[in-house]
2 protein chains.
Amino acid sequence: MSTNRLIYLPLGGAGEIGMNCYVYGYGPAGKERLLVVDLGVTFPDMDTTPGVDLILPDVSWLAERRDRIEAIIITHAHEDHIGALAHLWPDLKAKVYARRFTAAIGRLKLEEAGLPLDTITTVEPHPAQIEAGPFKVQFLPIAHSIPESSALVIDTPSGRILHSGDFKLDETPVVGEGWNPDLFDSIAREVPVKVLMCDSTNVFSPLPGRSETTLQAPITELIKAQKGMVVATTFASNVARLKTLAEAAQAAGRTICLMGRAMQRMVKVAQETGVLTHFPRTIPPEQAAEVPRGNLMLLVTGSQGERRAATAQLSRGKYLGIEMKEGDTFLFSSKTIPGNERDVIRIMNAFSEMGVNIVDDQGGKYHVSGHANRPDLEAVHALINPAMLVPMHGEHRHLREHARLAAERGITADVITNGMMVNLTGDAPEVVEYIETGRVYLDGSVLIGAMDGVIRDRIRLALNGHVTVTVILDENDELLGEAWVELYGLPAKGQRAPDLAAAMESELTEMLNGAGRKVLRDEDKTEEAIRRVVRQVGVEEIGKKPEVTVVVSRMEA
Amino acid sequence: MSTNRLIYLPLGGAGEIGMNCYVYGYGPAGKERLLVVDLGVTFPDMDTTPGVDLILPDVSWLAERRDRIEAIIITHAHEDHIGALAHLWPDLKAKVYARRFTAAIGRLKLEEAGLPLDTITTVEPHPAQIEAGPFKVQFLPIAHSIPESSALVIDTPSGRILHSGDFKLDETPVVGEGWNPDLFDSIAREVPVKVLMCDSTNVFSPLPGRSETTLQAPITELIKAQKGMVVATTFASNVARLKTLAEAAQAAGRTICLMGRAMQRMVKVAQETGVLTHFPRTIPPEQAAEVPRGNLMLLVTGSQGERRAATAQLSRGKYLGIEMKEGDTFLFSSKTIPGNERDVIRIMNAFSEMGVNIVDDQGGKYHVSGHANRPDLEAVHALINPAMLVPMHGEHRHLREHARLAAERGITADVITNGMMVNLTGDAPEVVEYIETGRVYLDGSVLIGAMDGVIRDRIRLALNGHVTVTVILDENDELLGEAWVELYGLPAKGQRAPDLAAAMESELTEMLNGAGRKVLRDEDKTEEAIRRVVRQVGVEEIGKKPEVTVVVSRMEA
C-alpha cells in the first residue's frame, strides 16, 4: 500500500511580494523527495530593518533535509527569484537548473561568491524535460518583464502541477518568447492539471494587461519631441524596455549610453546569451560628455530611487562627468514599488530644481506591468482548468482575492502562506504541518535571524538614542569619583538642564553614594538602579527613555 | 519719497507639502510690519527623522523680529497649518486670528500647552475685516476637506493679495460653505488682484475635482450591502466625510460609534461651534460590543496606518473590547499619502488574515481629494486674473508646474521656495534676500535643530549599531586589566569569532598594551586608536563599521 504523498510548502513569497521560495515534495510522509523552486531575496527598509543589506528566506527546514533535495529550479532572473542563490546554496548544495539567460545571471552571482559555476545546469525549454527524483520538469516559455521567464510543468506520480512563475499574457513582448495560449492549452489537454500555482501580484488590477509593444509609439514620439538630453530609467532586467527605449532614441538620431553597473551587465548577458539581438550601438559613459546634449540618450539604473544608483547620483549633481541641465528630460519608464515613493519623489524634486522636465509613466503610457491582471488570470484559469488553484507571489490580500476569484469559477482554491505545508494528494489542499520559517538578514557580511533581537535593538537606538554610563567601584563597593555619562543621538541640553549628561551624572552620583552596599555589591541591582536614574532624568529633561549601556568596573583590593 | 515695499517670505510649505508658514511684510526695507499666515507641522519618518515626534518650521527669523509681527492668521485647522501654533507661539507672542471652528481647535492646543486662550481672536468671514498694521484681512469661505477653510483677501498699500489657502471648487461640500465663484469674482472686480498665492497640491491631477456629495450614493450602497460589522476610516478632520459615512450607516439601520481620540474631538468641536448639525446619534465604544455586528458601524482614526490609532489597533487584535471578524468590512475612505504605503498595506494584510473584506477608495469611488485639480486651478486663474501668481503648498515639482500653467495664460509666475524673500511691489516677484530657515524637530519634549547632528547620529546608530569600549589606565598610563566591550544592535558572533565582543576586547587589549605612553597619555590619540581597532574588527568580522563610544578612566596616583 502506497503512503506516498505530494506536498507543497512555501518558504517565501506566499504572503508577501518578494523572497520567493517554494518547495514541492513527493514520497512517504517525512521522507518526501524535494524540489525547490526559486531562491529569492526581498529588500530591507529603514522602518523595520535598518542597516540590513538583504533579506533572505529562512531555509533551515530545507538545510536540515538537504539530502532529500533533488533539484533547485530558478524560473527567472529577477532578484526576488534568484537573489538568494549564492547566499543559500552553500546550505543546500543541490543541483540548480535554469534556462540560458537565467543561468548566466546565476553564474555571475556564484562567481562573485567564489562558488563552483557547474552548480547550475542550463536547460532547454519545453519539450525538453529534466528528471529530478519523482519529478519531471519542463520549462515553458512565458512572457514577463525579463527575458526567458518560465512556467514549470511539474509531473509527479500524483499528477501534474503547473507552476506559473511570474507572467503576463503578452503575445508580443519585444524580447524573448511571447505568451503562447496554444502551448498552455496543449499542456492542459495532454494531462489534466491537478494544481495550478499561480502568480497573484496584479489580481487587483481590473483591466486586461497591455503588451510591451504598446509603448513603442508613445516612447518614440516622446523622445523625438525633446530638444535637450534625454535620460530614461527602468529596471535593468527589463531588457525589452531597454530595447524599446534604445530604438526610440536611435529613431530620434540619438546616441545611446548605458549607465549603472546592473544596466551594462544585463545588456551584456542578454546579448551573450542570444536573447537580445539588434540592440543599437552604445557608447561608454566617458564618451557621453562629448556628444551634443540634443543627440544623447542615457539609459540609467535606479528607477526605485536607490541611493547609489545612477538616477539618484544624477539628481545630486555630476555623475561620470554628466550633469542634468535645464531643458533636459528625465523619463521614469517604470512604476514606483510601494514603499519607495519618498525616495523617488525626492529625486523628482531635485530634477525639478535643475529645470529638468520629469515624465513619469503617465498612467501606463510609458510603462506596462510584467504581471497578469485580473482578467488575464481569469483567462488562464479557464484555459488550464485545474482541479485546484493555490495562489502564490502575493501578499495575503492578493492570495485571498485570487483564491476567491478561482472559487467563483468552481475551482478548489485555498490561501496557503509561508510555512504551511499542504498535502496536495487528494481533491483539496490539506494543511498537514506548520513549519517554523521566516526571514534571515544579510547584515554586512553575516546572516542574522530576524528574531535575534539585533535589529530590534537598532530600531530602539534610532528611536531613543543611547546613553553610556561608566562607574568605578572600589574594593569596598563604594563609588570611586563620579559616574560618567556619554550621550549618542541625544540633545546636549534638556528642558531645564543646560547639560543633559552632567544632569544625569549628578543624579547618578547622588544615587550611588546613597545606595548602600547591598545594592552596589549586586551587579544586576546596580545596573538596574543606574538605568532607572538615566531613564527618569531622560523623561524629565527630554521626554524620552534612552537605551542605556552600563559598565561597572570594580577595583580589586 | 516712499521706500515702502511689499514682501513675501515662505518659511515652510513652499517646496514641500506640509509645515505651512508664509510671511508677508509691508514697510521700509528691513522694517516691514509682518503678517504670518499659518503655523503648521509636518510629520517625521524613520528614514530621515527616527524618534522625532513632530517637525516644525524654523521661525527664528520671525522670532528675532517679533515686535514687527502684527498678526498670525490661521486659514484652517489641518495640522500642516495649525499644528505648530502651541509650540511656536511662545517665540512669537503675536495675536492670532481664525474663524470659529479653527479657533476652537487652536484653543484646545493652547490649553494643552498651558498657554493663554485669549491669544486667539475669533473672526467672522467676509465682509468682516481685521486690521493688522498696514494689512487689512478678510476671510473668504472656501471649500476644503475640513470645515471653515478660508482664503484670505489681504489688502496692502501696494495692492490686493489673494492667498488661496487650501481649497477645492466644491459647491456642495456637505458641511460648511461651498465654493462661491460669484464671491471670488466680486473680490477680483472690486480691486484687481496683484498677487494670487495659490495651492499647488493637485496640479498634476488632470481631471476636474469632484464634489464631496458624489460619495453619498456609492458609500450608502456599499454599507447597505454589508452583513457583518462595517468599519470606516478617514481623516478625523474631514467632518463632511464623517457625516456622509454616518448618514449612510444610519440609512442602513446601523448604530454609529466613533473610535479614536481625534475623531471624537473633531466631531465634538464641529458640533459645539455649530459647523456640524444633524449628525446621527453615536454610542461610546464601551457600548459598541453590545450591538449586533450587522447593526454596527465604527468610524475610526488611522487612515494613514498610524501605529497608535484605532485602525492599526484593530488590525492587531481587540481594541476597546471590539475585534474584527470574518465577514466584516473595512472601508478606507481615504487616500494613502506617499510614504505611508507600507504601514497601510501592513494593516490591510492583517485584516485580510482575519477574513475582513477590505474596500479602498477604488479610484475615487469612496474618496475625493480636498484640493483643486489642474482644470480647477486654471478656472481660478481665469476668474481672478491676477497680475502675478506665486504657487505655494507644493513640492518643487508642483510649484514649477503650477508656475508653468499660469505663465501659459500670460500671468507672471515664479517659483519661490522656503527662505526666499521676494519683493512684490513691482510687476514681477523680485528675490531680495535668502533667509536661513529650515526645520526644527520636536524630539520628546525638546526642540532640536535639524542640523544639530543629533538625528544624524541616531540614523548612524540604526544603520551601524553601537559599541561601548571602557578601559582603565593606571597612574603610569598603563592599561589596568583588559579593555571591556559592550555591543548594542550588533550580532554576538562574527564570521570567524564565536564572540564578537571578546574578539574586539582581545584586539584592543593587545593594541593598548603595545601602544606606549605617547599614545596613552593623549586622550584623543587613545580614543582614536580604540575606534580604529573596533572598526577594523567590525569590518573583518561582520562587514560593518559600528558607532563607538569610548570611555577611558584614569586612576590617579
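In what follows, every chain begins at residue 1, and chains take the letters A, B, ... in the order their sequences are listed.
- If you tally non-hydrogen atom pairs under 4.5 Å between each of B:S445, B:G51, B:S553 and chain A, the highest count goes to B:S445.
- Contacts between A:E353 and chain B at a heavy-atom distance below 4.5 Å involve backbone atoms as well as side-chain atoms.
- If you tally non-hydrogen atom pairs under 4.5 Å between each of B:E486, B:E547, B:E401, B:M348 and chain A, the highest count goes to B:E547.
- Here the side chains of B:I345 and A:R397 are in contact, with some heavy-atom distance below 4.5 Å.
- A 4.5 Å side-chain heavy-atom check between B:V446 and A:K493 finds every atom pair outside the cut-off.
- With a threshold of 4.5 angstrom between heavy atoms, B:T49 does not approach chain A through any atom at all.
- Closest non-hydrogen pair, A:S352 versus B:H396, comes out as OG-ND1, 2.6 Å.
- From B:D47, atom CG reaches atom CZ of A:R307 across 10.0 Å, with rounding to the nearest 0.5 Å.
- In this structure, the side chains of B:H466 and A:T468 come closer than 4.5 Å at one or more pairs of heavy atoms.
- Of the two parts of B:L480, only the side chain, counted from C-beta on, holds a non-hydrogen atom closer than 4.5 Å to a non-hydrogen atom of chain A.
- Sparse packing is recorded around CZ of B:R308, with 12 or fewer heavy atoms of other residues, nucleotides or ligands lying under 6.0 Å away.
- No other option in B:R456, B:R460, B:R458 has as many heavy-atom pairs under 4.5 Å with chain A as B:R458.
- Proximity to chain B (any heavy atom under 4.5 Å) is shown, for A:N357, by both the backbone and the side chain.
- Taking 4.5 Å as the limit, every side-chain heavy atom of A:T336 sits out of range of all side-chain heavy atoms of B:E341.
- Looking at A:V485, there are no atoms closer than 4.5 Å to chain B (heavy atoms on both sides), in backbone or side chain.
- Heavy-atom pairs under 4.5 Å with chain B peak, among A:D45, A:N340, A:I455, at A:D45.
- Neither the backbone nor the side chain of A:V415 comes within contact range of chain B, judged by heavy atoms closer than 4.5 Å.
- Ranked by heavy-atom pairs under 4.5 Å with chain B, the list A:D452, A:V539, A:I448, A:L490 is led by A:L490.
- With chain B as the partner, the residue from A:I358, A:N464, A:D443 showing the most heavy-atom pairs under 4.5 Å is A:D443.
- Note: A:I542 leads A:V551, A:I542, A:V550 in heavy-atom pairs under 4.5 Å with chain B.
- Of the atoms belonging to A:V467, not a single heavy atom falls under 4.5 Å from chain B.
- More than 12 heavy atoms of other residues, nucleotides or ligands lie within 6.0 Å of CZ in A:R316, so this atom counts as buried by the packing criterion.
- Of the possible polar contacts, none joining the B:R400 side chain to the A:N349 backbone as a donor-acceptor pair under 3.5 Å is found.
- Only the backbone of A:E541 comes within contact range of chain B, with at least one heavy atom under 4.5 Å from a heavy atom of that chain.
- For A:E482, the CD atom counts as loosely surrounded, since its 6.0 Å shell holds 12 or fewer non-hydrogen atoms of other residues, nucleotides or ligands.
- Between A:L463 and B:M46, the closest side-chain pair of non-hydrogen atoms falls below 4.5 Å.
- Only the backbone of B:V356 comes within contact range of chain A, judged by heavy atoms closer than 4.5 Å.
- Ranked by heavy-atom pairs shorter than 4.5 Å toward chain B, the options A:G494, A:G355, A:G449, A:P206 are led by A:G355.
- The number of heavy-atom neighbours closer than 6.0 Å to CZ of A:R404, taken from other residues, nucleotides and ligands shown, is above 12.
- Using a 4.5 Å heavy-atom threshold, the side chains of A:T549 and B:L487 count as separate.
- Per-residue heavy-atom pair counts under 4.5 Å with chain B were compared for A:L461, A:T470, A:T417, A:D53, and the maximum is reached by A:L461.
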